[in-house]
Amino acid sequence: MSVRIPILAAILAVEIAACRSTVNPHPVEHDRPNSSSSQNCRTVEHQLGVTEICGQPQNIVALGPFVLEPLLALEVQAAAFSDHVTLHQGNYDNPDQQILYLGKYVTNQPVNLGIAGQPSIEALLKLQPDLILGTQFNNADEYETLSKIAPTILLKWDDVETNLTTIAETVGYPEKAQQLITEMNQRIVTSRDVFSSFVAEHPNVLLLSTDSQLTSIHIGNSAHGLCASLLTDLGLTLVSLEGVAENQPGAPVPVSLEAITQVNDEAEAIVLLGSSDNLDLQTTDNFENHQLIELKQTWEQSAIAQSLNASKAGRVYFIPAYLCLGLPGPIGTELYLEELEKQLLSPN
C-alpha cells in the first residue's frame with residue numbers, strides 16, 4: 001500500500017469518539033489477568049473467518065488507525081502500530097507528536113511496524129504479540145502469515161458498530177462496546193440541534209474528495225463512510241450528479257471540475273476532503289494545514305471553482321481526508337463533529 005495520502009483516500013473510497021467526556025484523553029490501562037493464566041477461550045467471527053481467542057490479550061498489534069481507534073476508545077493500549085502514512089521513522093516514543101489524531105490517547109510507546117498494508121514481519125516476530133488486529137482490504141493477502149504469528153482478526157474498515165463489538169469481545173471487555181455505541185449515537189442526536197439552523201438555511205451539500213490539484217475528484221457518497229454518513233445524520237442532503245451515482249451504487253463517483261457546475265444551483269455548500277501527495281512532516285503539529293494548503297490555493301486560483309455559488313457565498317469547507325476516512329469510529333466521529341462545527345457554524 002502506498003504511503004501517500006491520496007492513495008489512502010482512493011483505496012478507502014473504492015472499498016469504500018464518543019465525545020471527549022466519554023473518551024478519556026489519557027486512558028489508563030485496565031488491570032487484566034495474564035492471558036496465560038486464563039483459559040476463557042471463545043471464538044470470534046470476522047471478515048476472513050473465525051479465530052479462537054483465549055484469556056485477555058496483553059500484547060496487541062494494531063494495523064492501521066481503523067483498529068487502533070476502537071482499541072483506544074475501549075481504553076486499551078496497543079503494543080505496536082502501523083499507519084497508512086510514513087509520518088514518523090522509529091518507534092513511537094512521543095506518540096502525541098507522532099500518531100495522527102490518536103496520539104493524545106496513547107499512554108505507552110508502541111513499536112512502529114511501518115505501513116499498515118505491509119507491516120514488518122521481522123518486527124512482528126520479535127514482538128511476539130498475542131493478538132493482531134487489521135482490516136480486510138489492508139491485510140487479507142498476509143492473513144495466513146499473520147495468523148501463524150498470533151491470532152489475527154481482520155475487520156471491515158468502516159463497520160463501526162461491528163468493529164467495536166468484535167474488538168471489545170476479543171480483548172475481554174464486551175460490555176463496553178454497547179456503551180460506546182450508545183454514547184456516540186447520542187452525541188450525533190445532540191449535534192442535530194446544534195446544526196439545525198445551518199441545515200434549515202443550507203440543506204444541500206456537495207461532498208467532494210480530491211487531491212491538492214483538483215485532478216482526481218470524487219463525489220462523496222456511501223463509499224466515503226463517516227465522511228458522508230455523518231453529514232446526512234445531521235440532516236443534510238448530499239448533492240450528486242443526476243444518474244451518475246445510480247449507475248455505480250456504493251462506489252466513488254469520479255467527476256471533473258467542469259461537471260460540478262451542473263449542480264451549481266443545487267449545491268448551497270461544499271465540503272472538500274483534501275489530501276496532499278507531498279508528505280514531508282516530522283510531527284503531527286501542522287498536518288491539517290499541510291494537507292490542505294495546496295488545495296486551498298488551487299481552489300482560489302480556479303476560475304471554475306470561484307464561479308460556483310458556494311464559493312461566492314463563502315460556504316466552501318476544507319477538511320483533511322484522513323480525519324473521517326481514517327477514523328470512522330467514536331473518536332473520529334467526535335473530531336469530525338468538532339471540525340464541522342468549527343467551520344460550518346463559524347460567523348466567518
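We count residues from 1, following the sequence as given. Given the structure is predicted, the values throughout are model-derived calculations rather than measurements.
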Answer whether the closest heavy-atom distance between the side chains of [X] and [Y] falls below 4.5 Å.
| X | Y | value |
| --- | --- | --- |
| C54 | E52 | yes |
| V171 | Q56 | no |
| S216 | H218 | yes |
| L340 | L231 | yes |
| L155 | V67 | yes |
| P320 | L292 | yes |
| N59 | L131 | no |
| I167 | L74 | yes |

Given V263, which of L241, V255, N204 fulfils the side-chain contact (heavy atoms from CB on, under 4.5 Å) condition?
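The residue from L241, V255, N204 that satisfies side-chain contact (heavy atoms from CB on, under 4.5 Å) with V263 turns out to be L241.
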Please name the residue in the list I260, L257, V316 that meets the side-chain contact (heavy atoms from CB on, under 4.5 Å) test with L208.
I260
Can a side-chain donor-acceptor contact be found between [Y] and [X] if the only test is distance below 3.5 angstrom?
| X | Y | answer |
| --- | --- | --- |
| E175 | Q179 | no |
| D93 | Q98 | yes |
| Y322 | D83 | yes |
| H46 | T166 | no |
| Q178 | T182 | yes |
| S196 | R192 | no |

Roughly how far, to the nearest 0.5 Å, is the [atom2] atom of [Y] from the [atom1] atom of [X]?
| X | Y | atom1 | atom2 | answer |
| --- | --- | --- | --- | --- |
| C227 | L273 | SG | CG | 4.5 Å |
| T107 | D96 | OG1 | CG | 12.0 Å |
| I219 | S240 | CD1 | OG | 4.0 Å |
| L327 | L68 | CG | CG | 9.0 Å |
| T232 | N221 | OG1 | CG | 11.0 Å |
| L345 | Q343 | CG | CD | 10.5 Å |

Of all the heavy-atom pairs spanning [X] and [Y], show the shortest one and how long it is.
| X | Y | result |
| --- | --- | --- |
| I331 | E69 | N-OE2, 3.0 Å |
| E142 | G117 | OE2-O, 3.4 Å |
| W157 | P328 | O-CG, 3.3 Å |
| S275 | Q291 | CA-OE1, 3.5 Å |
| L337 | S191 | CD1-OG, 3.6 Å |
| T170 | P57 | O-CD, 3.4 Å |

List the steps, then state whether side-chain hydrogen bond (donor to acceptor under 3.5 Å, both in side chains) holds for Q297 with Q301.
CA-CA 6 Å; Q297 292 172 350; Q301 294 166 5; 5.4 Å; no
Go through it in stages, so that I can follow the logic: the residues are V160 and T162, the test is side-chain contact (heavy atoms from CB on, under 4.5 Å), and I'd like the CA-CA distance, side-chain angles, deciding distance and then a yes or no.
CA-CA 6 Å; V160 177; T162 299; over 6 Å; no
Okay, side chain of [X], backbone of [Y]: is any donor-acceptor separation there less than 3.5 Å?
| X | Y | value |
| --- | --- | --- |
| D130 | Q58 | yes |
| S302 | T298 | no |
| N163 | K156 | yes |
| T261 | N264 | no |
| Q306 | W299 | yes |
| S229 | G225 | yes |

Please report the C-alpha distance between F81 and H88 in whole Å, then the side-chain angles of each, then the deciding distance to 0.1 Å, and finally whether the ring-ring contact (aromatic ring centres under 6.0 Å, His included) criterion is met.
CA-CA 12 Å; F81 171 62; H88 173 68; over 10 Å; no
[X] atom [atom1]: more than 12 heavy-atom contacts under 6.0 Å:
| X | atom1 | value |
| --- | --- | --- |
| E45 | CD | no |
| I304 | CD1 | yes |
| E258 | CD | yes |

Salt bridge or not between R315 and E268? Use side-chain N to carboxylate O under 4.0 Å.
no
For ring-ring contact (aromatic ring centres under 6.0 Å, His included), just list the numbers for F137 and F66, CA-CA rounded to whole Å, side-chain angles, deciding distance to a tenth of an Å, and then say yes or no.
CA-CA 11 Å; F137 77 85; F66 313 109; 5.8 Å; yes
Run through the side-chain heavy atoms of Ile, Leu, Val, Met, Phe, Trp and Tyr, join any pair under 4.5 Å, and report what else lands in L127's cluster.
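Result for L127 is V61, L63, V111, L113, I121, L124, L125, I132, L146, I149.
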Tell me who clusters with L154, hydrophobic residues only, linked when side chains sit under 4.5 Å apart either directly or through other members.
L48, Y143
Step-by-step side-chain contact (heavy atoms from CB on, under 4.5 Å) determination, L238 to L206:
CA-CA 6 Å; L238 296 183; L206 178 63; over 6 Å; no
After noting the C-alpha distance and the side-chain angles of S209 and H224, does the key distance pass the side-chain hydrogen bond (donor to acceptor under 3.5 Å, both in side chains) rule?
CA-CA 9 Å; S209 59; H224 287 76; 2.9 Å; yes
Do I293 and F287 share a hydrophobic cluster, counting only Ile, Leu, Val, Met, Phe, Trp and Tyr and linking them when any side-chain heavy atoms are less than 4.5 Å apart?
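Different clusters: I293 never reaches F287 through Ile, Leu, Val, Met, Phe, Trp or Tyr contacts under 4.5 Å.
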Quick check: is V189 connected to F198 through a chain of hydrophobic side chains (ILVMFWY, heavy atoms under 4.5 Å apart)?
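In one cluster: no.
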Between Q109 and N91, does a side-chain contact (heavy atoms from CB on, under 4.5 Å) hold up when you go through it step by step?
CA-CA 7 Å; Q109 296 184 349; N91 291 335; over 6 Å; no
Stepwise side-chain contact (heavy atoms from CB on, under 4.5 Å) test for Y173 and K176
CA-CA 6 Å; Y173 299 107; K176 290 184 67 69; 4.0 Å; yes
